Amino acid sequence: MSVRPGRGCTVVEVRGELDMATAPQLREGLQQLVDAGDRQVVLDMAGVGFIDSSALGALVVTFKSLRDVGGQLRLAAVRPAVRSVLRITSVDRVIDIYDSVQAAEADLRPVDGAAGG
């Protein structure tokens, strides 16, 4: 997981498989961003080929944590196999998904006067 500033947000690049072995690290890393004050987070998932229920849980927990502080979580560049899992589990109805990081950044809404990450 690598973190970089985006346009009005924090972009988190994730690679590999998101499963029960990696989900705790993902959850902790994202929670650290929320705790540090990041409110606009875009998860760049271009490098993710697999996601399981534990990683879906980590995404939903992060979505709720950000929502509770007036923030937003967005998923970007989601590959077809992962997008299918998000659709089947209805996570795509809760967390916004974009074709690219740039599209996610372009659609950011102001959050309580904050500029984001």
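Since the structure is predicted, the reported quantities are computational estimates derived from the model, not experimental observations.
- Taking both residues in full, the closest heavy atoms of M45 and I51 are given as CE-CD1, 4.3 Å, listed atom of the first, atom of the second, then distance.
- Inter-residue side-chain proximity for D52 and M20 is flagged as met; some heavy-atom pair is nearer than 4.5 Å.
- Put simply, the side chain of T22 does not reach to within 4.5 Å of the side chain of E17, judged on heavy atoms.
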Could you go through residues 23-34 and list every donor-acceptor pair under 3.5 Å that involves a side-chain atom there, pairing it with any protein atom two or more places apart or in another chain?
{"unit_1": "Q31", "atom_1": "OE1", "unit_2": "S65", "atom_2": "OG", "d": "3.2"}
{"unit_1": "Q31", "atom_1": "NE2", "unit_2": "D35", "atom_2": "OD1", "d": "2.8"}

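- L75 has its side chain within reach of L59: a pair of non-hydrogen atoms, C-beta onward, lies under 4.5 Å apart.
- Taking OG of S90 as the reference point, atom CD1 of I95 lies at 12.0 Å (rounded to 0.5 Å).
- With a 4.5 Å cut-off on side-chain heavy atoms, V14 and D44 do not count as touching.
- Annotation: the span from L18 atom CG to L56 atom CG amounts to 9.0 Å, rounded to 0.5 Å.
- Distance check: R15 CZ to M1 CE gives 14.0 Å after rounding to the nearest 0.5 Å.
- Across all non-hydrogen atoms, the minimal contact from E105 to G6 is OE2-CA, 3.3 Å.
- Using a 4.5 Å heavy-atom threshold, the side chains of V42 and T10 count as separate.
- Criterion: ILVMFWY side-chain heavy atoms under 4.5 Å apart, direct or through other members. Under it, L73 and V101 are not part of a common hydrophobic cluster.
- A single hydrophobic cluster is not seen to contain both V48 and Y98; linkage of ILVMFWY side chains at heavy-atom distances under 4.5 Å, directly or through other members, places them apart.
- Follow the hydrophobic side-chain contacts under 4.5 Å out from V94 and you never reach L108; the two are in separate clusters.
- Taken together through direct or relayed side-chain contacts under 4.5 Å among Ile, Leu, Val, Met, Phe, Trp and Tyr, V60 and V12 form part of one hydrophobic cluster.
- R83 and D99 are joined by a salt bridge, as a carboxylate oxygen and a charged side-chain nitrogen come within less than 4.0 angstrom of each other.
- Between R74 and I97, the closest side-chain pair of non-hydrogen atoms is not below 4.5 Å.
- Taken from CG in D107 to CD in Q72, the straight-line distance is 8.5 Å, to the nearest 0.5 Å.
- The backbone N or O of V85 lies less than 3.5 Å from a partner atom in the side chain of T89, making a donor-acceptor pair.
- Here the CZ atom belonging to F50 is positioned 12.5 Å from the CZ atom belonging to R79, to the nearest 0.5 angstrom.
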